[in-house]
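Note sheet for the following structure.
Just so it is clear, the model here is predicted, and its values are computed rather than measured.
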Amino acid sequence: MQNASSPSRRRRVAGLAAAGVLAVFGVASVGQGLNGQSTVRDALALEGVTGAPHMTPAGIAANAKKAGLKDVALPTCSVAGTPIDDGASARCFAEYMRIDALVATGGKTYAQLPPFASKDGKGTYDVADALKMPDGGPMDNPKSQLWVTETALTTALNTSYMAEQISLFGIAVGGAFLLVGFAFGAAALRGMRIARPSLAIARRRQASVEMG
């Protein structure tokens, strides 16, 4: 009888061990996710960025229309007067920055702008026609530099958004590990409670047989 119960006992012990491992991974995953989310939000808060008054769907639509922008996807979120201190607001702010850059360049992206500054302000591809720096070299088109700055900032903001999403995913995965671990543990403990009276009954029956 003892040998017959050994496999069942090993399964219960294995179930409890698996539950413990899953619980440890779950707690660690949730902890790392919360830490990552906190890091992202603290970093954004340190920059002290606040949405400009025009950063509403109506405000940016008016600016885009005034600049003659066409076939441009405009933001539908709003961060006007809102501190940029989490991933969602960072992503929204980045969308407005792109439209602001297009307004400033007349709808042209970095790849569509001439690389050098010119007297007429339109830019040029010809080094000979470009405005000159003090050292004699061609002057960079300020509108192209605007795009360089915009791309760097929006990339950082979108990275913050992605980092927070990954942190939230880690929290969700950790929660799933915990739930599965609790389920395994509960099943193993239930098996132990059922096995104890069954084993006691079997032992009494065996003793009765031996006495008879």
Once you round to the nearest 0.5 Å, how far does [atom1] of [X] lie from [atom2] of [Y]?
{"X": "F116", "Y": "L131", "atom1": "CZ", "atom2": "CG", "value": "11.5 Å"}
{"X": "T39", "Y": "L34", "atom1": "OG1", "atom2": "CG", "value": "10.5 Å"}
{"X": "M97", "Y": "T151", "atom1": "CE", "atom2": "OG1", "value": "9.0 Å"}
{"X": "L157", "Y": "E47", "atom1": "CG", "atom2": "CD", "value": "9.0 Å"}
{"X": "N63", "Y": "M55", "atom1": "CG", "atom2": "CE", "value": "10.0 Å"}
{"X": "T76", "Y": "E95", "atom1": "OG1", "atom2": "CD", "value": "6.5 Å"}

So which atom in [X] and which in [Y] form the shortest heavy-atom distance, rounded to 0.1 Å?
{"X": "T155", "Y": "T159", "answer": "O-OG1, 2.7 Å"}
{"X": "A80", "Y": "P53", "answer": "CB-O, 3.7 Å"}
{"X": "I99", "Y": "A73", "answer": "CD1-O, 3.6 Å"}
{"X": "A104", "Y": "L146", "answer": "CB-CD1, 3.8 Å"}
{"X": "T50", "Y": "F93", "answer": "O-CE1, 4.0 Å"}
{"X": "A163", "Y": "V40", "answer": "CB-CG2, 3.6 Å"}

If only atom types and distance count, is the side chain of [X] paired as donor or acceptor with the main-chain N or O of [Y] below 3.5 Å?
{"X": "N35", "Y": "G31", "answer": "no"}
{"X": "K132", "Y": "A130", "answer": "yes"}
{"X": "Y96", "Y": "L74", "answer": "no"}
{"X": "S118", "Y": "G123", "answer": "yes"}
{"X": "W147", "Y": "K108", "answer": "yes"}
{"X": "S29", "Y": "V173", "answer": "no"}

[X], [Y]: one ILVMFWY side-chain cluster at the under-4.5 Å cut-off?
{"X": "V27", "Y": "F182", "answer": "yes"}
{"X": "V21", "Y": "V180", "answer": "yes"}
{"X": "L153", "Y": "Y110", "answer": "yes"}

Is there side-chain contact between [X] and [Y], with heavy atoms separated by less than 4.5 Å?
{"X": "S144", "Y": "V148", "result": "no"}
{"X": "L44", "Y": "V49", "result": "no"}
{"X": "D42", "Y": "D85", "result": "no"}
{"X": "I84", "Y": "V79", "result": "yes"}
{"X": "I166", "Y": "Q37", "result": "no"}
{"X": "V72", "Y": "L69", "result": "yes"}
{"X": "S78", "Y": "C92", "result": "no"}
{"X": "D100", "Y": "I60", "result": "yes"}

Taking atom [atom1] of [X] as the centre, report whether more than 12 heavy atoms of other residues, nucleotides or ligands fall under 6.0 Å from it.
{"X": "D71", "atom1": "CG", "value": "no"}
{"X": "M139", "atom1": "CE", "value": "yes"}
{"X": "F169", "atom1": "CZ", "value": "no"}

(message) Could you tell me if T124 and D126 have a donor-acceptor pair between their side chains, going purely by distance under 3.5 Å?
(response)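 T124 and D126 do not have a side-chain donor-acceptor pair below 3.5 Å.
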(message) Taking salt bridge (charged side-chain N to carboxylate O under 4.0 Å, His left out) as the definition, give me every residue that meets it alongside R41, ordered by chain and number, with sequence neighbours left out.
(response)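 Salt bridge (charged side-chain N to carboxylate O under 4.0 Å, His left out) check on R41 returns E164.
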(message) Ring-plane angle category for F25 and F177, please: parallel below 30°, perpendicular beyond 60°, tilted otherwise.
(response)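 Geometry flag for F177 against F25: tilted rings.
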(message) Considering only residues two or more places apart or on different chains, which pairs with a residue in residues 174-183 satisfy salt bridge (Lys or Arg N to Asp or Glu O under 4.0 Å)?
(response)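 Sorted result for residues 174-183: empty, none.
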